[in-house]
Amino acid sequence: MYSTKIMIHGVDAARAFVAMTAKYPKVKIVLNHNEYSIDAHSIIGVLSLDLTKPIDIEADGENLDSFIEDLKTFTV
């Protein structure tokens, strides 16, 4: 399991983030913000979060090394 904090700055970044997560369908990716836990593969879920604040992310599954490398764009 991998966890860190990320920032998603706006709608275009949210689109890019969800497109990146789509490359990892076998990785369970969860965004935790306040009392909400959102599937990171869902654009509607991602857009429902307060994108002005850091978001906790947890990932578990196959290809985590590649996922972590791609996530660096969003890591705080």
Side-chain angles (χ1 to χ4, degrees):
M1 168 134 349
Y2 174 76
S3 64
T4 191
K5 288 193 179 289
I6 63 169
M7 282 294 297
I8 301 173
H9 298 282
V11 176
D12 290 335
R15 247 186 262 135
F17 175 77
V18 172
M20 183 272 294
T21 65
K23 296 182 348 186
Y24 303 97
K26 294 188 178 188
V27 176
K28 181 179 180 185
I29 308 166
V30 178
L31 301 175
N32 297 304
H33 189 65
N34 297 331
E35 69 274 0
Y36 300 105
S37 290
I38 303 295
D39 179 358
H41 295 98
S42 166
I43 187 68
I44 300 217
V46 172
L47 290 174
S48 71
L49 298 173
D50 180 357
L51 300 180
T52 65
K53 298 190 170 135
I55 301 165
D56 294 317
I57 185 170
E58 296 177 350
D60 195 19
E62 299 175 14
N63 298 324
L64 274 183
D65 291 337
S66 297
F67 171 73
I68 292 167
E69 187 64 32
D70 284 347
L71 188 64
K72 286 183 179 179
T73 304
F74 301 97
T75 305
V76 175

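Note that the coordinates shown come from a computational prediction; the quantities given were computed from them, not determined experimentally. No hydrogens, no waters, no symmetry mates; every other heavy atom, side chains included, goes into these values.
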**Study point:** Considering all heavy atoms, the nearest Val46-Ala40 contact
**Key:** CG2-O, 3.9 Å
Check your understanding: Residues in side chain to side chain contact (heavy atoms under 4.5 Å, CB included) with Glu62, at least two apart?
Key -> Lys26
Study note, to complete from the structure: The side chain to side chain contact (heavy atoms under 4.5 Å, CB included) partners of Asp65 (sequence neighbours excluded) come to none
Check your understanding: What's the spacing between Met1 CE and Asp60 CG if we round to 0.5 Å?
Key -> 4.5 Å
Check your understanding: Who pairs with Met20 by side chain to side chain contact (heavy atoms under 4.5 Å, CB included), at least two apart in sequence or on another chain?
Key -> Phe17, Tyr24, Phe67, Asp70, Leu71, Phe74
Review point. Going only through I, L, V, M, F, W and Y residues with side-chain contacts under 4.5 Å, is there a path from Ile44 to Leu49?
Key: yes
Review point. Does Tyr36 offer a backbone N or O that forms a donor-acceptor pair with the side chain of Asn34 under 3.5 Å?
Key: no
Practice item. Scan for salt bridge (charged side-chain N to carboxylate O under 4.0 Å, His left out) pairs involving residues 2-19, sequence neighbours excluded, and state none if there are none. Key: Lys5-Asp56, Asp12-Arg15
Review point. Can you name the nearest heavy-atom pair linking Asp50 to Thr52, along with the distance?
Key: OD1-OG1, 2.5 Å
Exercise for review: Tell me who clusters with Val76, hydrophobic residues only, linked when side chains sit under 4.5 Å apart either directly or through other members.
Suggested key: Met7
Check your understanding: What's the spacing between Ile68 CD1 and Thr75 OG1 if we round to 0.5 Å?
Key -> 9.0 Å
Review point. Looking at Ser42 and Gly45, what are the two nearest heavy atoms and their distance?
Key: OG-N, 3.0 Å
Practice item. Check side chain to side chain contact (heavy atoms under 4.5 Å, CB included) between Asp39 and all other residues, then give those that pass, not counting sequence neighbours. Key: His41
